[in-house]
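Counting convention: from 1, in listed order, for ligands and their atoms alike. Hydrogens, waters and symmetry mates are skipped; everything else that's a heavy atom, side chains included, is used. Each residue takes its place number in the sequence, starting with 1.
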Amino acid sequence: MLKRILTGDRPTGQLHIGHYFGALTDRVALQDKFETYVLIADVQALTDNFNHPEIVRQNVLEVALDNLAVGIDPTKSTFAIQSLIPEIAELTVFYSNLVTISRLQQNPTVKSEIKEKQLLFKNSVTYGFLGYPVSQAADITIFEADLVPVGADQLPQLEQTREIVRKFNQIYGLILKEPQARLSNFPRIKGLDGNKKMSKSLANAIYLADNPKVIQEKVMSAVTDPAKVRLRDKGRPEVCTAYDYHKMFSGDELRTITQECRAGNRGCVFCKEQLSQNINTKLAPIREKRQSFASQPKTVKEMLLSGTAKARSVAQKTMLRVKESMLLVYP
Ligand code: TRP
């Protein structure tokens with residue numbers, strides 16, 4: 001039997017090139033070797049968008065389109081919409097007894113996210129947001145996933161999941177599967193503003209769906225070496241965001257780019273024009289595929305719903321065993 005993979009995206013915005021290199025390319029390769037479930041985590045997305053349900057609703061489709069566009073194949077992978085599998089919420093409630101508040105408060109990823117969301121949470125975070133790793137543990141274990149491909153920021157979530165599973169198994173004597181993290185080895189791609197993280201909330205992202213003109217404008221705005229003012233100034237590629245992207249998009253040209261920049265033989269405008277062309281060459285087929293799926297919303301919707309139905313039946317089987325072990329099955 002094939003090992004099972006569970007991956008998830010929060011539908012809070014379209015996916016960008018950071019997702020592409022960090023997760024999506026790996027995800028596409030893995031679907032041939034594993035039984036893959038792609039969870040569109042709308043319930044988790046609501047933990048920090050509870051006041052904007054329309055954003056979450058709209059982005060369920062956008063995230064599905066992005067996955068399809070990069071090559072997630074619905075005949076190989078199963079898409080599932082989290083809110084349509086209420087068993088996940090049920091399991092979350094059971095798991096919440098097995099996690100202490102202080103343990104949740106120690107999660108470094110959640111801690112920094114709370115800081116980033118000052119505007120939303122002011123000086124007191126919600127129960128739902130603090131607890132989202134518990135619901136993520138339910139996402140992962142209800143599908144009995146063996147492997148969870150993640151970026152480094154999600155490792156604390158996986159560790160918490162494993163702790164919950166061990167505690168559950170110890171108390172209720174049921175053997176829930178302890179999932180393993182599968183760390184993607186791609187470095188995080190910088191934001192256009194030079195921030196070490198590309199993200200929607202920082203408004204520094206290039207989206208998979210961006211058209212050539214938008215790509216061009218965004219690349220032109222990318223932060224470069226501040227000490228390189230004139231064409232003939234020697235540049236420091238290591239502090240240049242455009243160079244960071246060249247590494248991902250410019251293949252064999254990278255050597256020349258590096259040499260010319262260091263030697264002061266390359267202007268930033270020319271360099272960025274070349275970059276935006278390379279990005280566009282890479283994204284054009286993805287964008288076309290995305291548009292073609294976007295023009296068949298009914299087909300995409302049916303695919304999401306049939307995937308969800310399949311995923312739900314897996315979840316229901318797990319829940320039956322969970323409830324038996326917790327003495328919650330009533331005749
Ligand atoms: N927390 C993940 C993120 O922010 C999304 C996610 C939700 C997820 N459920 C998951 C990832 C289950 C892996 C497994 O990107």
request  = Consider every N or O of Thr7 and every N or O of ligand 1, then say whether any pair is closer than 3.5 Å.
outcome  =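 N/O-N/O distance under 3.5 Å: no.
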
query = For residues Lys190 and Thr241, is any side-chain donor paired with an opposing acceptor at under 3.5 Å?
reply =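 On atom types as modelled, these side chains do not qualify, holding no pair under 3.5 Å.
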
query = Going by atom types only, do Thr141 and Tyr95 share a side-chain donor-acceptor pair under 3.5 Å?
reply =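 Looking only at side-chain atoms, Tyr95 and Thr141 do form a donor-acceptor pair, the distance falling under 3.5 Å.
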
Pull out every atom of ligand 1 sitting under 4.0 Å from any heavy atom of [X], numbered as shown with elements.
X	result
Gln44	1 (N), 2 (C), 4 (O), 5 (C), 6 (C), 7 (C), 9 (N)
Leu6	12 (C), 14 (C)
Ala41	7 (C)

request  = Check whether the ring centres of Phe21 and Phe249 lie less than 6.0 Å apart, and answer yes or no.
outcome  =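 Close enough - the centres of the two rings lie under 6.0 Å apart.
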
inquiry  = Is the contact between Val148 and ligand 1 made by the side chain, the backbone, both, or neither, using heavy atoms and a 4.0 Å cut-off?
reply    =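 Side chain only; the backbone of Val148 stays clear of ligand 1.
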
request  = Would you kindly specify which portion of Gln154 sits under 4.0 Å from ligand 1, judged on non-hydrogen atoms: side chain, backbone, both or neither?
outcome  =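 Just the side chain.
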
task = Please verify whether a non-hydrogen atom of Val150 lies at under 4.0 Å from ligand 1.
result =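 Checking ligand 1 against Val150, which is what was asked, there is no heavy-atom contact under 4.0 Å.
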
request  = Quick one: look up the protein heavy atom nearest atom 4 (O) of ligand 1 and list residue, atom name and how far away it is.
outcome  =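 Ranking protein heavy atoms by distance from atom 4 (O) of ligand 1, first comes Arg10 NE, 3.2 Å.
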
inquiry  = Counting non-hydrogen protein atoms only, what is the nearest one to atom 9 (N) of ligand 1? Give residue, atom name and distance.
reply    =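 Checked against all protein heavy atoms, atom 9 (N) of ligand 1 sits closest to Asp139 OD2, 2.8 Å.
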
key: Carboxylate-amine/guanidinium contact Asp210 Arg287, below 4.0 Å   =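 Judged by the 4.0 Å cut-off on N to carboxylate O distance, Asp210 and Arg287 do not form a salt bridge.
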
query = Does the side chain of Arg27 come within less than 4.5 Å of Pro149's, by heavy atoms?
reply =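 They are not in contact (no side-chain heavy atoms under 4.5 Å apart), so the answer is no.
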
task = For Gln105 and Lys111, indicate whether the former's side chain and the latter's backbone hold a donor-acceptor pair under 3.5 Å.
result =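 It does not hold such a pair.
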
query = Pick one: which of Ile5, Thr78, Ile85 meets side-chain contact (heavy atoms from CB on, under 4.5 Å) with Phe143?
reply =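 The residue from Ile5, Thr78, Ile85 that satisfies side-chain contact (heavy atoms from CB on, under 4.5 Å) with Phe143 turns out to be Ile85.
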
